[in-house]
Amino acid sequence: MTLPLRSFQKSSQNSRVDVLTTKIEEDNSSVAKDLLINKCYRQIFFHLTDRDREKCLESQFKSQSITVRDFIRGLFLSDRFRKGYIECNNNYRLVEQVIFRALGRKIYNNTERLSYSILIAEKGFISFIDCVLDSEEYMMKFGYDNPPNEYSRILPGKESGTIPLYQQYPRYGLDWQKKLTSNKLMMSISDHLLYSKKSSIEKFIYDKPTGTSLKIWITALVLTGAGTIWLSILIFKSAFQVN
């Protein structure tokens, strides 16, 4: 027996303002459909290459077989989203990623995060996507024919809202980065600094000197310090010398 979706209050630190972009007027031209498709891609993936495009979904949308909401659903269930987001995050972080992209906002609180995380664990990711896209909030904001957009937030004493959510929610977190590094699938920062070709300045900053280089570095440091002190004394004497 599965548990029902836990209720949560719609609370946040700051009040929310209207959507950043206005609703798109109905236009069935080829150019307008391409613009809508690109808006959907940017909202879900932020950027993409030609190999990441969902040609089948695009064809269905252009032939009016599916709506914008169906196209968004297809992108969430695509192979690219699975590899780039689902496999890289735990359920808690996955909820944050989807809510931002589908509803244009942060999660309200930890209760909302936990509620949707339980839904993913019990019924799977597809049921979670259906729940979000079929929700009253999504339909009131975007309906069937408008791509999701980020909502701004009011900050007390500031004219502008918070930084874009894309900058607050990178594709994967530190735990996945550590896993890639441990499995030798990605080079760590320390290894990059160790094995990459560095300029003289980078070597001076990052490499620990040894042997003759260490002696030269210490000598240069002592001479620089002594010269700085001597110059400071000369300036002090000249400033207070009585003619």
Side-chain angles (χ1 to χ4, degrees), residues 1-17 19-20 40-48 52 54 69 71-142 147-155 161-186 188-189:
M1 178 177 178
T2 59
L3 297 175
L5 185 66
R6 296 183 55 175
S7 60
F8 52 86
Q9 294 182 344
K10 297 180 178 180
S11 59
S12 63
Q13 182 179 359
N14 302 307
S15 59
R16 302 182 184 277
V17 298
V19 66
L20 295 179
C40 293
Y41 278 124
R42 286 198 299 270
Q43 179 64 19
I44 305 304
F45 299 134
F46 186 55
H47 63 80
L48 79 159
D52 295 322
E54 297 292 329
R69 189 183 68 155
F71 188 80
I72 291 293
R73 192 192 308 272
L75 294 183
F76 275 125
L77 302 180
S78 66
D79 188 59
R80 180 188 174 181
F81 195 85
R82 178 182 62 83
K83 292 180 179 179
Y85 296 89
I86 299 176
E87 294 180 357
C88 302
N89 295 283
N90 56 39
N91 287 353
Y92 294 115
R93 201 166 187 279
L94 190 58
V95 169
E96 296 176 346
Q97 295 277 1
V98 171
I99 291 299
F100 151 56
R101 287 169 168 78
L103 300 178
R105 62 167 174 83
K106 286 185 174 182
I107 59 171
Y108 287 123
N109 45 48
N110 288 331
T111 306
E112 182 181 20
R113 182 193 290 113
L114 178 61
S115 177
Y116 284 128
S117 298
I118 294 175
L119 176 62
I120 295 174
E122 289 191 333
K123 298 183 178 181
F125 182 74
I126 297 178
S127 295
F128 168 51
I129 293 299
D130 290 341
C131 180
V132 173
L133 297 185
D134 295 341
S135 66
E136 181 181 358
E137 179 181 0
Y138 182 93
M139 295 303 297
M140 288 291 293
K141 286 181 176 179
F142 312 114
N149 290 286
E150 178 182 346
Y151 272 62
S152 182
R153 302 175 65 195
I154 298 174
L155 296 180
T162 56
I163 64 174
L165 290 178
Y166 284 113
Q167 299 180 24
Q168 301 180 40
Y169 290 99
R171 185 164 61 88
Y172 54 79
L174 185 60
D175 54 344
W176 183 256
Q177 180 179 328
K178 290 180 178 179
K179 183 177 181 179
L180 292 177
T181 302
S182 62
N183 292 336
K184 306 299 182 182
L185 298 175
M186 187 177 76
S188 64
I189 296 177

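- Scanning both residues, Phe45 and Ser78, for their nearest heavy atoms gives CZ-OG, 3.6 Å.
- Residues Lys141 and Leu103 approach most closely at NZ-O, 3.0 Å, considering heavy atoms.
- Between Phe76 and Tyr85, every side-chain heavy-atom pair lies at or beyond the 4.5 Å cut-off.
- Listed here is the closest heavy atom pair of Tyr138 and Val132: CB-O, 3.5 Å.
- Side chain of Ser115 to backbone of Glu112: no donor-acceptor contact under 3.5 angstrom is found.
- Once rounded to the nearest 0.5 Å, the distance linking CG of Asn149 with CZ of Arg42 reads 9.5 Å.
- Phe125 places a side-chain heavy atom less than 4.5 Å from the side chain of Leu94.
- Counting only heavy atoms from C-beta outward, the side chains of Val98 and Phe81 approach each other to under 4.5 Å.
- Atom CD1 in Ile86 sits 7.5 Å away from atom CG in Leu77 (nearest 0.5 Å).
- Checked by atom type and distance alone, the side chain of Tyr41 pairs as donor or acceptor with a backbone atom of Glu54 at under 3.5 Å.
- Counting heavy atoms from C-beta on, the side chains of Arg73 and Asp130 come closer than 4.5 Å.
- For the side chain to side chain donor-acceptor pair (under 3.5 Å) test, residues two or more places apart in sequence or in another chain that qualify with Asp79 are Arg82, Lys83.
- Closest approach of Arg93 to Asn90, counting heavy atoms only: N-OD1, 2.8 Å.
- For the pair Asn91 and Ile120, the tightest heavy-atom approach, listed with the atom from each and the gap, is OD1-CG2, 3.6 Å.
- Evaluation of the side chain to side chain donor-acceptor pair (under 3.5 Å) rule for Arg69 yields Asp134 as partners, not counting sequence neighbours.
- The distance from atom CG of Asn89 to atom CD of Glu87, rounded to the nearest 0.5 Å, is 10.5 Å.
- Note that NZ of Lys123 is 12.0 Å distant from CD1 of Ile118, once rounded to the nearest 0.5 Å.
- Here the closest heavy-atom approach between residue Ser117 and residue Tyr92 is recorded as OG-CD2, 3.3 Å.
- Using bins of under 30°, 30° to 60° and over 60° for the plane-to-plane angle, the ring pair Phe128/Tyr116 lands in the tilted bin.
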Checklist entry - Under the side-chain contact (heavy atoms from CB on, under 4.5 Å) criterion, do Ile99 and Lys106 qualify, and how do the steps go? => result CA-CA 7 Å; Ile99 291 299; Lys106 286 185 174 182; over 6 Å; no

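- In this structure, CG in Leu75 is found 10.5 Å from CD in Gln43, a value given to the nearest 0.5 Å.
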